[in-house]
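Taking it in order: structure first as structure tokens, then the write-up.
In the text below, chain A, chain B and the rest are named by the order of the sequence lines, each starting its count at 1. We use all heavy atoms of the structure for the numbers below, so side chains are in, but hydrogens, waters and symmetry mates are not.
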Number of protein chains: 2
Amino acid sequence: MARTSGSHSQITGPRLRAAALRLFARHGYAAVSMRQIAAEVGVQAGALYNYIPDKQGLLADLMRSHLEELLAAWDLEPKGTGPLDALEAFTRFHIRFHLERPDAVFIAYMELRNLDPRNFAEIEALRKRYETGLEDILRAGRAAGVFDLPDTKLATLAVIAMLTGVTTWYRPGGRLSAERVAALYWEMVRKAVGA
Amino acid sequence: MARTSGSHSQITGPRLRAAALRLFARHGYAAVSMRQIAAEVGVQAGALYNYIPDKQGLLADLMRSHLEELLAAWDLEPKGTGPLDALEAFTRFHIRFHLERPDAVFIAYMELRNLDPRNFAEIEALRKRYETGLEDILRAGRAAGVFDLPDTKLATLAVIAMLTGVTTWYRPGGRLSAERVAALYWEMVRKAVGA
DNA sequence: GTGTTATCTGAACGTGCGTTCAGTTCAATC
DNA sequence: GATTGAACTGAACGCACGTTCAGATAACAC
């Protein structure tokens with residue numbers, strides 16, 4: 001009894017991606033079966049292959065679209081004037097964006113090892129591009145004498161790790177609002193870069 | 001042809017744990033099969049069950065012994081006098097200890113979701129105890145007026161995330177020595193806590 | 001009302017999984 | 001030199017995996 005009511009192609013596709021995102025984040029790519037995803041979508045496993053080439057392609061797609069969305073959103077973000085404004089913008093943007101997509105963030109950072117080499121290179125390049133955005137800010141601020149940094153590259157990695165760590169413990173409705181968390185982190189980041 | 005030369009029980013056990021640590025860290029718990037581990041040890045898969053109850057027990061064992069080693073080592077670490085010394089000791093200890101065991105660290109932070117509830121509670125308690133060590137230092141320093149922190153709990157998580165992040169990019173023989181990395185991170189941590 | 005086509009089912013494919021266990025081998029013991 | 005027992009093999013267990021595909025169904029075009 002296929003096609004039980006109306007056309008589903010524009011429903012099943014997004015639902016597949018949403019279910020995969022949730023399950024991969026919760027249990028890990030390797031631990032989730034296509035049948036589990038299909039059950040969540042409300043469909044048999046075979047039907048999923050109308051929307052994806054294979055399981056590996058599904059994972060790569062999820063990561064690619066997350067990172068492309070991240071880069072596009074950061075491009076549109078107002079960055080104020082000068083490195084200090086830009087760093088604050090980055091900090092607040094990073095926390096806000098990541099807290100809104102905890103599952104996608106987790107997958108993009110944790111399932112890199114499950115990508116085959118071709119996909120890995122592509123995804124890693126996107127991540128690198130995002131990191132470079134922060135590194136440029138730090139370098140500019142250092143050159144302008146606004147920041148006091150012993151090592152720009154290391155500071156980039158340290159700040160990103162610190163900010164991304166928020167997603168491991170933050171839960172909506174907890175002690176602190178996302179806005180408050182961003183403010184507190186910005187204070188720590190500002191001090192850490194010596195500004 | 002079992003027992004091809006000499007008694008192996010004191011060799012196979014550690015080799016099993018070493019192989020599992022390496023493979024779990026590289027590919028993830030769910031993606032590694034008992035047969036892969038056995039092949040690395042140089043034994044048939046069935047022989048592994050002389051040393052472990054099951055695959056889940058192997059994972060729990062690896063995480064438990066890593067965290068117990070971490071707590072024991074931190075207990076023995078000289079902490080100087082006062083919160084500032086203690087925080088520096090923690091920073092340097094954490095980086096040194098973690099850089100020496102990248103595989104175990106990765107597993108302990110990433111495979112929590114693959115523990116069954118009983119094991120999870122136990123492992124999570126050990127992790128919490130370690131975090132509390134840092135939180136106590138920060139709270140003491142704040143009370144003594146040595147640190148300037150908007151939120152002690154949040155600072156604890158931020159510092160741990162920042163420091164643990166080192167393991168994601170550090171490679172021996174790279175641009176910076178472990179000692180130098182620790183020094184640079186200590187400078188950033190010190191600034192971040194307002195000291 | 002007929003034909004077309006997108007969408008899905010249900011069964012099957014070969015493969016590999018974690019785990020068990022009877023049997024084999026060999027160092028150690030007496 | 002017989003006995004013991006730790007350490008391991010090799011085969012098997014039932015099950016679940018990712019993926020394919022012929023056939024069924026229902027919405028749509030005319």
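- Counting to the nearest Å, the C1' atom of C/dG16 and the CD atom of B/Gln36 are 11 Å from each other.
- Picking from C/dG10, D/dG18, D/dC17 the nucleotide with the shortest atom distance to the side chain of A/Gln44 gives C/dG10.
- Between B/Tyr51 and D/dA7 there is no side-chain polar atom (N or O) within less than 4.0 angstrom of OP1 or OP2.
- As rounded to whole Å, 13 Å separates atom C1' of C/dT20 from atom CG of B/Asp54.
- Because its NZ or CZ atom is both nearer than 6.0 Å to the ring centre of B/Tyr109 and within 45° of the ring axis, B/Arg127 counts as a cation-pi partner of that residue.
- What separates CG of B/Leu48 from P of C/dC17 is a distance of 13 Å, to the nearest Å.
- Put simply, CD on B/Glu77 and CZ on B/Arg92 are 11.0 Å apart, with the number rounded to the nearest 0.5 Å.
- Residues B/Tyr29 and B/Tyr51 fall within the same hydrophobic cluster, defined by Ile, Leu, Val, Met, Phe, Trp and Tyr side chains chained together at heavy-atom separations under 4.5 Å.
- The CD1-P distance, from A/Ile52 to D/dT19, rounds to 7 Å in whole Å.
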Practice item. Under the side-chain contact (heavy atoms from CB on, under 4.5 Å) rule, what do B/Leu112 and B/Met63 come out as? Steps first, then yes or no, please. Key: CA-CA 9 Å; B/Leu112 281 167; B/Met63 296 174 86; 3.8 Å; yes

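- Comparing D/dT20, C/dG18, D/dT9 by their nearest atom to the side chain of A/Tyr49 picks out D/dT20.
- For the pair B/Asn114 CG and C/dG18 C1', the computed distance is 15 Å after rounding to whole Å.
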Listing time: all N or O pairs from protein to nucleotides 11-13 of chain C that are below 3.5 Å?
unit_1: C/dA12; atom_1: N6; unit_2: A/Arg35; atom_2: NH2; d: 3.3

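- One interatomic measurement links the two molecules: CD1 of A/Ile37 to P of D/dT19, which rounds to 10 Å at whole-angstrom precision.
- Atom-to-atom distance recorded for B/Leu134:CG and B/Phe93:CZ is 12.0 Å, nearest 0.5 angstrom.
- Atom-to-atom, NZ of A/Lys55 to P of D/dT19 comes out at 8 Å; the value is rounded to the nearest Å.
- Among D/dT19, C/dG18, D/dC8, the nucleotide with an atom closest to any side-chain atom of B/Met34 is C/dG18.
- Using a 4.0 Å heavy-atom cutoff across all strands shown, A/Val32 reaches sugar-phosphate atoms only and no base atom.
- The separation between B/Arg15 atom CZ and D/dA7 atom P is 15 Å, rounded to whole Å.
- Between the A/Gln36 side chain and the A/Leu23 main chain, no donor and acceptor come within less than 3.5 Å of each other.
- A/Ser33 has no side-chain polar atom (N or O) that falls below the 4.0 Å cut-off from OP1 or OP2 of D/dA16.
- Remark: B/Glu179 does not engage B/Arg96 in a salt bridge, criterion side-chain N to carboxylate O under 4.0 Å.
- Remark: B/Thr12 is in phosphate contact with D/dC8, judged by side-chain N or O atoms under 4.0 Å from OP1 or OP2.
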